[in-house]
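Structure record follows, encoded as structure tokens.
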Protein chains: 2
Amino acid sequence: MTQAPRRKRDSAATKEALLQAASELFTERGFSATTVRDVAARAGVNQALLFRYFGSKQELFAAVLTRNNEQVIAELSAEELPRQLLINLLDSAEPNGEHPLVAMLRSWSDERAAEMLRGELGDRYTERLAELTDADDARLRADLVLAWVFGIGMVRSVLGKSPLSEADPEVIVRYVTRAASALLERTDLSDDR
Amino acid sequence: MTQAPRRKRDSAATKEALLQAASELFTERGFSATTVRDVAARAGVNQALLFRYFGSKQELFAAVLTRNNEQVIAELSAEELPRQLLINLLDSAEPNGEHPLVAMLRSWSDERAAEMLRGELGDRYTERLAELTDADDARLRADLVLAWVFGIGMVRSVLGKSPLSEADPEVIVRYVTRAASALLERTDLSDDR
DNA sequence: TGACCTTGTGAGCGAGTGCTTACAAACGCT
DNA sequence: AGCGTTTGTAAGCACTCGCTCACAAGGTCA
């Protein structure tokens, strides 16, 4: 009987397949509910390679998080951030939707995963949002808005609680940006269409 | 050598000890990071009794959640709810603080635990908050406020992210209630001191 | 006292976890 | 061809988890 066909020798493609599979699974199930065997299986890769290339499950998670979020933060201007963050998060309520933030939200309560959110990653979003106001406690106000976005993502995408999970994204965005303008008191935020 | 002294025969006290220990541990670590061995150890009880009295770890979690939250919901009027929810949550940032909600927040991403939050429990808070406005999408607005409270609790108590985690509770409450009054459009909510 | 039910105990089963190791095959090089 | 290095594979180690079970000890009632 013939053995299973070997993979082509291509370490770059293997790493990429692992990252992609890990990104999907962490988004779907969160950090602790995702096993390295699942990741390797979806990537079509022997699980030992996961450890050869990333060292540990935790380091793999870190690689996924930074890779996905670097992009989001870099691409968006401060003015668009809260609005786009929300829109992306709300759109990804669809089962195949896959926003980087959802992986973070689903892994929130895991202590090892939380360390990365608490650190540099979360602060990046805060700094960006803080640019929107000139109040002296700008970063606190930014954190409050960020907490709101996270909370909405939690209740809607992770919990799936109605009526929030069924509501029209447009309506939510309008409500939130309007109320948030009471916090980030520059007029150019209230550009709700 | 003498054997470890046996527990007194008192099923009620044993159940209560298990519930209390479980409540503490679920609050500190969340559902999935808490093991039945931990619970039994802190309660000073053989772990087999946990299963005799509660059937499974999941049923124990349900017992803790309903027990703790019934009290909170029943005690507070609708007008006080958002403010008190926030204050309790913010005060419990102290290491020994132990608000029922924190156990929920820490177990958020666990699918089995989330079922209970999604169901009756979360709706109870929503209904209560929806009483505050007469808008036709009252429950959606209530969910948005609830999501904000949850988000703040997450970022502050679970993540421990600064500056939100170090901020003065009074300031946070003032900001939030003021901005939330743009959502729940009755004037009697803006009673910020 | 002895039968019976309730409560507490220790040991361990079966499954799943992250991770390691010994080895085989494919490649680049001289 | 022969060599060393890189990439892929199969197996399993060591551990933790939720949960079960056979049994011992305390209590009640006849």
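The model shown is predicted, which means the values in this text are computed figures rather than measured ones.
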Rounded distance in Å - CZ (R37(A)) to C1' (dA15(C)): 11 Å
Separation of atom CZ in R29(A) from atom P in dG16(C), rounded to whole Å: 14 Å
Ionic contact status for R139(A) with E127(A), cut-off 4.0 Å: yes
Gap between atoms NZ and P, on K57(B) and dC17(D) respectively (whole Å): 9 Å
Residue closer to the 5' end of DNA chain C, V36(A) versus G44(B) (nearest nucleotide): G44(B)
Exercise: do D137(A) and Y175(B) side chains pair donor with acceptor under 3.5 Å: yes
Gap between atoms CG and C1', on L50(A) and dT7(D) respectively (whole Å): 15 Å
Length of the line joining L18(B):CG and dG18(D):C1', which is rounded to integer Å: 15 Å
Sugar-phosphate only, base, or nothing, as touched by F54(B) at under 4.0 Å among non-hydrogen atoms: nothing
Residue mapping more 5' on DNA chain D - nearest nucleotide basis, R52(A) or Q47(A): R52(A)
Main-chain N/O of E59(A) paired with S56(A) side-chain donor or acceptor, under 3.5 Å: yes
Touch class at under 4.0 angstrom, heavy-atom based, for T34(B) against every strand present: sugar-phosphate
d(CG, L25(A); P, dT17(C)) in whole Å: 12 Å
Of the listed nucleotides dG8(C), dT9(D), dC19(C), the one nearest the side chain of A48(A): dT9(D)
S11(A) side chain near dT6(D) phosphate (N/O to OP1/OP2, under 4.0 Å): no
Which residue lies more 5' along DNA chain D, comparing F31(B) with N46(A) via nearest heavy atoms: N46(A)
Protein-nucleotide distance (R9(A), atom CZ; dG8(D), atom C1'), rounded to Å: 8 Å
Ring geometry between W148(A) and W148(B) (parallel below 30°, tilted from 30 to 60°, perpendicular above 60°): parallel
NZ/NE/NH1/NH2 to OD/OE distance under 4.0 Å, E166(A) and K161(A): no
F51(B) CZ to dG12(C) C1', straight-line distance once rounded to whole Å: 14 Å
